[in-house]
Amino acid sequence: MAEDLGTEAVIAHLTTNPDLDWFREKYSYGLTGVHAQDLRELVYAAARTGNNKADLARELGLSRTTLYTRIRKLERITGGTFAGEHLQKLHFALLLNESSSLQRNTV
């Protein structure tokens, strides 16, 4: 039943929809490749901590200065603020990419 699906199952189902490729490409732009690992970790950690800056810095093991430098870098690359709906879109795009990668590796 649909209510039995977890978030991961829903995302796995959505990754097979080619209409979402534009979303994934738009919101994960600048967050792919080895050079952007720290930015991806920032987005994932923000989702886990509710974007609480003190908790975020602590979880990532960063000083507040370094945290805010990374946030500004992410905002500059993605063209949006590190809050609200934009942050949710970044997180969702990363989850779609991750699920898509896992599906390609298992086929």
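Note that the structure is a prediction, hence the values are computed from the model and not measured. The basis for the numbers below is simple: all heavy atoms, side chains too, and nothing from hydrogens, waters or symmetry mates.
Taking the side chain as every heavy atom from C-beta outward, His91 and Tyr27 never approach each other to under 4.5 Å.
To the nearest 0.5 Å, atom CZ of residue Phe82 and atom CG of residue Leu87 are 5.0 Å apart. To the nearest 0.5 Å, the span separating CG on Leu96 from NZ on Lys89 amounts to 13.5 Å. A distance of 9.5 Å separates OG1 of Thr69 from CG of Leu62, quoted to the nearest 0.5 Å. Of the inter-residue distances, the one linking Thr78 atom OG1 with Lys26 atom NZ reads 10.5 Å to the nearest 0.5 angstrom.
Looking at every heavy atom in both residues, Leu67 comes nearest to Lys53 through CD2-O, 3.5 Å.
Placement of Tyr68 and Ile77 within a single hydrophobic cluster is found when ILVMFWY residues are connected by side-chain heavy-atom separations under 4.5 Å, directly or transitively.
For Arg48, the side-chain contact (heavy atoms from CB on, under 4.5 Å) test picks out Tyr44, Ala45, Glu59, with sequence neighbours left out. Here Arg58 pairs with Asp55 under the salt bridge (charged side-chain N to carboxylate O under 4.0 Å, His left out) rule; sequence neighbours left out.
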Output a table of donor-acceptor pairs, distance under 3.5 Å, between side-chain atoms of residues 34-42 and any protein atom two or more places apart or on a different chain; print 'none' if there are none.
| from | atom 1 | to | atom 2 | distance (Å) |
| --- | --- | --- | --- | --- |
| His35 | NE2 | Thr32 | O | 3.4 |
| Gln37 | OE1 | Arg40 | NH2 | 2.6 |
| Gln37 | NE2 | Glu41 | OE2 | 3.1 |
| Arg40 | NH1 | Leu31 | O | 2.7 |
| Arg40 | NH1 | Gly33 | O | 2.7 |
| Arg40 | NH2 | Gly33 | O | 3.2 |

